[in-house]
Amino acid sequence: MAKSRQKSSNQDSSLSPTAARSREWDGPSRWADYLGTETNTASPLSSTSSRNFGHDGQSQGSTPSQPHKGLNMQWVVQLTDVADGLMAKMYRLNQLLDYPDPINHVFSDGFWKAGVFPNHPRICVLLSKKFPEHFSKLQLERIDKIAWDSMQDHAELHLQSLEPWVQLLLDLMVFREQALRLILDLSSTVITLLPHQNSLILHAFMDLFCSFVRVNLFSEKMPRKMLLQTYNLLHALSRNERDCDFYHRLVQFIDSYDPPLKGLQEDLNFVSPRIGEVLEAVGPIIFLSTDTKKLRNEGFISPYHPRFPDILTNSAHPLRAQDLANVTAYREWVLFGYLVCPDELRRVTSIDIALVVLKENLVLTLFRDEYILLHEEYQLYVLPRILESKKMAKSGRTKQKEADMEYNVAKQVEKMISEVHEQAILSCDAIHRERRILLKQEIGRMVLFFTDQPSLLAPNIQMVFSALALAQCEVIWYFQHVGVASSKSKTTRVVPVDIDPNDPTIGFLLDGMDHLCCLVRKYIAAIRGYSLSYLSSCAGRIRFLLGTPGMVALDIDASLKGLLQQIVHHLEHLPKPQSENISAITCDLSDFRKDWLSILLMVTSSRSSINIRHLEKATVSTGKEGLLSEGNAAYNWSRCVDELESLLSKHGSLRKLYFYHQQLKVVFRNTMFGPEGRPQHCCAWLGIASSFPECASPVVPEEVTKFGRDAVLYVESLIESIMGGLEGLINILDSEGGFGALENQLLPEQAASYLNYASRVSIPSYKSPKGTAGFPLPGHESFPENNSSIKMLEAAMQRLTNLCSVLNDMEPICVLNHVFVLREYMRECILGNFRRRLLGVLKTDNDLQRPSVLESLILRHVSIVHLAEQHISMDITQGIREVLLSEAFSGPVSSLHLFEKPTDQHTGSATESVCNWYIENIIKDVSGAGILFVPIHKCFRSTRPVGGYFAESVTDLSELQAFVRIFGGYGVDRLDRMLKEHTAALLNCIDTSLRSNRDVLEAVASSLHAGDRIEREASMKQIVDLETVIDFCIQAGLALAFDRLLSEASGAILEEGAPLIHSLLTGVVNHLPDGVPEKEEIKRMRTVANTAGVVNDHDSIWVRSILEDVGGASDGSWSLLPYLFATFMTSNIWSTTAFNVDTEGFSNNIHCLARCISAVVAGSEFVRLEREHQHRQSLSNGHASEGMDPELSGHMSAEASINSTLQLFVKLSAEMILDSWSETHRSHLVAQLIFLDQLCEISPYLPRSSLETHVPYAILRSVYSHYYADTPSTPLAIMNASPRQSPALLAHASPVLRHPRGDSTPPYYGNDSGYFKGSSSHSQDHLYDADISSIRNTRRSGPLDYGAGRHKVKSVESSNSGSTGPSPLPRFAVSRSGPLAYK
């Protein structure tokens, strides 16, 4: 504790009045903490000039105590820099304290948690409110005893946190004293402060003046009273009730500046007349800057004369152009000058000057984004002074003649201040908008002109600076006033200022300024060369002026004469730009500027024997420019040689917009992609971020990091918005209202609907571009009423190409150590948007998107990407391929790749999504949509929509081909693997059923061979879950049918895209050796060929691969497989089965059961024989048997085994079918017979002749004849028991007709007219004696070939020719040679 007290006492001694006084009078060295390495670019005096001022000042005297030797101008410039440092510290303090309101004593929770003040609000706020009363009179221990004790205990800690900010208060007090002394010194010693005579010293003086006002106005926003009072309390608690040494001085300082404007008006009263003179002098240029019509008509900021366009170089207003570059500073001088020197408003011309500036501003910026409400301050602190002067003038009206004029002027000022606030609220935005439009036009012309005529840029560089300065002022004004709320003078209500956040001129101004700055940097060598040439010519003119009689007659002292000769020497010894490369010239003219400023300091002093008036009179009589005018012009042009970048930064930098970067982002988003936005503007919006870190003050080191981070976040936010706009343009084109409207095609059902409507209407309406059903007809975009939409598309295309071109050509943006390359962002944006669009269009609102529609959407999007790619120097197409590959690749192709998919690779989400949908909704039919496989059309159908479409819309062969084109081989393989996984689970159920029912099936087999019907039926009733197994087998058949369609689609696409590979596979598969077991390479080749649909026996190969992968069919119970399948004939499912002529399938997918039985029997036999062969090989120790090739013999034996197994199944099934028939139980008969016939047709191992042995052709022919006899598709439905419905179905033809048919069944043909609908009520009394020729006429195709070589079968025609279809149980008249006869 003692150490801390000693440390505190040392710190306190450093802040003692003695130390403060010593620091107060030690000149600029006191302010080392507030002077950073960066210079004050706002001052017209450069850093070099500042040093030159100091060097000269030191030679003439280092303090203002010697004014007769000249002014120390370095001090003026440094104090201006000190003001910025002081405000930077105050700004940081307000940030830490969460922007308190010390005037109304409102402090947030963040204020007390910042760690600056003790967290004891009651005591601290009371101290602030009772200022300047001493804390000893407030009895604080009674206010909050706990807080009082805590402050006593932690006084040292609180002192340490408050000391740097109390030091800031002390520095503010010292700054006030030094700045006031220096302002008084300048005001009293400088002869003239007019802009056209002494502009350099004028700007330095007014910059210090305005900085002094800003610092003191800004100090009101920090809690000065609480800071001083709390610090003094803590100091007294830790120093035995002794006040800090500087306490009373600071109390007096704060009290005199409470409010600050009161103290400022008193302190600056002595310079008020000089300020009034300056403001009157800059009035004309302010009036000119507000007259947009005159600026446009007279061409003040135009590179060519508006009335004489042939004169390219506009030299009509060179000085006015230079003055316009400083008009922003002039406006600030007016606002601050009349605010702190209100008496100057009583000048006659001052009213108009103040009115013009006040009418176009609502806020007065103090520092960065801190401001005060301008008109409120004028009404509170200026208007009372005017009223007071008015009162004095009125009381003295009878005493002096000037009183009337003074009274009238005061009355006019009062009226102006009272009314201008309302005018400003209503008109300020319109005034500035008109000015922005003017600058947009003029800068746009300037960019085009100087791009075309770059040689004219250098002579007009001052005009370029003026245009940049005016645009800079307008842009900053816009963002300073966005969101500002101003209270009206006569009421207390707050009125928000109506600043349009959608103003597109901001983008134009930013873009124009960026282009102008780029042009200046591009031709900087030419500007430097022109400036050197001007300075060289200026040397001769100055030498001439020095030799005039007037100058010779002047009694110039040696020092001034030496400086004038030194000026001429500098100008005459400049490097010659004609003799060498200008860009390689390195020229430092700081010594020239130092000498010229020394001359100005001498001749502007009121105590100098030769002053500015003497020089002007001595040289102006020549009829040319005077010596001072030539020198000032040479000074300005010299800066274009070695300080051009700093000039460009002063007039063209928009780094102050950092403090409005949130508003920047809002305005950018509102205007960039608006109707008047331009894509090329985004470069300028992004480019300004590079200068944001320059706003950081070296006084607050942490600002560099914070400002840099904010600049990076700003760029990232804008890039995100730009890329969002790019995505929006692409998505606008890739929409149904975009390119989708140009490629409308009618779906078949839409065309049919339209034709039906047209056929009902005699004169169809050709005027309407839309169809009658509400869908647009092709070509509707050509109708006049759609002209606007087409123009919108053209505008979107133009914007897209422009934006891509601009982003592609844009230079990288550098913010600190971050580099942003817009091309890379654009590529990632386009590819990311494509990925999102792809995943988005996979599913519609209801369910899966049709693959053909999905393909067309992808192609449409890719075409738009290709349109943009033409303007991008990057390969976007390769990226599109990578996206498609990543979304399709769900793992290596099982039959081609031997590697495994990495576990950390997350790809194939699109493929997974689509494949899962097909498995769940088509194969498993989880939604219960009644999925049916239609063999004749090779597709699936549903009784109701699956999601948004019927099943045939997503399973047609053309749709699967579109699926293959989108997802390629990876998608096909993934869907194939999922089908295999699902089928493997179903085959496992068959295996489980065989194992669990093995004993029962053995009993069934023995009873079948023994012919014991009773025992067979009893055994079959013991089979467990027979219906479930049948359902699983039907699902497996569905999967087989779907995979067969998928392989056909894959083969068609392969033949279309790679015909040589398809031809190679087709040729190779015919020459692959057949053997059991197959070699691994042969097996893989056969699997690849099977996937491509070039193998005949697709189903058995597919099931065989499944069984090999899962190790199925390994049990001996699989020998009972035909018996299990045969028991299916006793299932109840046949009672609900009906055949449909139009689909050539059954109503409950029983035809898929035939496909399953064929494939499972064949596949299991192959697997069984392979295992037997491997077992024999292991027993024979690998010795091959002699004779026939064992592999070939194994394959032949496998085919024979498959044939015998299937024939056994057919035999057993036919026996069960015929045995189970009776007069009362025959509903299943027709469906089961057709089922067996379809099995023979599906299986390549079971010829149709094998069915002849058990079911004669005549029966099948008769069944099919009645199905195909009439056009209406009337299926044989469920039969009701009736004595008249004798079957007559077992009649067959004579032995002559029963010859084997083989595999000569022609393919099915026919048109599908709709979904199958069963019927159970039919006419029962029709007898048919159908002639074969009549059958041939009514049924052109079918399972049986009714060719000319066939014998005719006589049948009896129906007695009722008007019947609508065949009877469910027709009676046949058959030949007498048949084994059965029916009465």
Side-chain angles (χ1 to χ4, degrees), residues 679 719-720 722-735 738-739 796-797 799-813 819-842 851 854-893 896-897 899 901-902 904-914 961-974 1050 1053-1054 1056-1061:
I719 290 177
E720 182 181 354
I722 293 170
M723 296 306 137
L726 178 64
E727 286 185 16
L729 289 172
I730 294 176
N731 294 339
I732 285 174
L733 295 176
D734 184 27
S735 64
F739 281 1
M797 288 176 59
R799 284 203 174 190
L800 175 63
T801 54
N802 285 349
L803 181 61
C804 291
S805 179
V806 167
L807 296 180
N808 181 68
D809 298 337
M810 187 175 180
E811 294 295 326
I813 300 169
V819 180
F820 299 90
V821 182
L822 269 296
R823 280 193 300 272
E824 298 292 341
Y825 281 92
M826 183 165 51
R827 182 179 187 274
E828 294 302 318
C829 167
I830 292 175
L831 297 183
N833 182 55
F834 174 71
R835 186 188 302 273
R836 288 188 293 272
R837 293 285 290 178
L838 174 62
L839 297 177
V841 299
L842 281 178
L854 176 61
E855 182 186 19
S856 66
L857 293 176
I858 293 175
L859 291 176
R860 185 172 74 192
H861 192 98
V862 170
S863 68
I864 298 170
V865 172
H866 286 165
L867 176 67
E869 189 180 20
Q870 297 175 8
H871 304 271
I872 305 173
S873 56
M874 300 182 75
D875 189 359
I876 306 296
T877 303
Q878 179 63 27
I880 293 291
R881 294 194 185 103
E882 292 173 359
V883 171
L884 287 173
L885 179 62
S886 66
E887 293 302 325
F889 180 75
S890 58
V893 177
L896 294 176
H897 299 154
F899 61 89
K901 180 182 179 181
D904 58 342
Q905 186 176 9
H906 304 288
T907 56
S909 57
T911 301
E912 291 285 345
S913 177
V914 175
Q961 288 177 358
F963 169 84
V964 176
R965 279 192 292 268
I966 296 169
F967 298 105
Y970 294 112
V972 172
D973 182 73
R974 180 56 185 157
S1050 177
I1053 300 304
L1054 181 63
E1056 175 186 342
L1060 294 179
I1061 296 179

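None of these values were measured; they are calculated from a predicted model.
Of the inter-residue distances, the one linking L842 atom CG with S909 atom OG reads 8.0 Å to the nearest 0.5 angstrom. Here R835 contributes atom CZ and L884 contributes atom CG; the two are 9.5 Å apart, rounded to the nearest 0.5 Å. To the nearest 0.5 Å, atom OG of residue S873 and atom CZ of residue R827 are 12.0 Å apart. Interatomic distance, S805 OG to N808 CG, rounded to the nearest 0.5 Å: 6.5 Å. Note that CD of Q961 is 4.5 Å distant from CD1 of I1053, once rounded to the nearest 0.5 Å.
When side chains are defined from C-beta on, M826 does not count as touching M874, because their heavy atoms never get closer than 4.5 Å. Looking at heavy atoms from C-beta onward, L726 lies in side-chain contact with L800 at the 4.5 angstrom threshold. Residues M723 and L822 have side chains in contact (heavy-atom distance under 4.5 Å, counting atoms from C-beta outward). Within the 4.5 Å cutoff, the side chain of E1056 has heavy atoms near those of the R965 side chain. Between I813 and I719, every side-chain heavy-atom pair lies at or beyond the 4.5 Å cut-off. Here the side chains of L733 and R860 are not in contact, with every heavy-atom distance at 4.5 Å or above.
When the shell of 6.0 Å around CD of Q878 is examined, it contains more than 12 heavy atoms from other residues, nucleotides or ligands. Within a 6.0 Å sphere centred on CD1 of I1061, other residues, nucleotides and ligands contribute 12 heavy atoms or fewer.
Side-chain N or O atoms of T801 include one that pairs as donor or acceptor with a backbone N or O of M797 at under 3.5 Å. Between the side chain of E869 and the main chain of I876, a donor-acceptor pair closer than 3.5 Å is present. Checked by atom type and distance alone, the side chain of R837 pairs as donor or acceptor with a backbone atom of D734 at under 3.5 Å. Side chain of D973 to main chain of G969: no donor-acceptor pair is present (N/O by atom type, distance under 3.5 Å, no hydrogens or angles).
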H871/N802 under side-chain contact (heavy atoms from CB on, under 4.5 Å): CA gap, chis, key distance, verdict: CA-CA 8 Å; H871 304 271; N802 285 349; over 6 Å; no
Does I830 form a side-chain contact (heavy atoms from CB on, under 4.5 Å) with I872? I'd like the steps, not just the answer. CA-CA 11 Å; I830 292 175; I872 305 173; 3.8 Å; yes
One pair to check against side chain to side chain donor-acceptor pair (under 3.5 Å): T911 and E887. What are the steps and the verdict? CA-CA 6 Å; T911 301; E887 293 302 325; over 6 Å; no
Please walk me through it: do F963 and L854 pass side-chain contact (heavy atoms from CB on, under 4.5 Å)? CA-CA 9 Å; F963 169 84; L854 176 61; over 6 Å; no
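Under the 30°/60° scheme for interplanar angles, the aromatic rings of F889 and Y970 are found to stand perpendicular.
Residues M810 and R823 approach most closely at O-NH1, 4.4 Å, considering heavy atoms. Nearest heavy-atom pair across R836 and C829 is NH2-O, 4.4 Å.
With I880 as the partner, the side chain to side chain contact (heavy atoms under 4.5 Å, CB included) test is satisfied by one option alone out of D875, I858, L831: L831.
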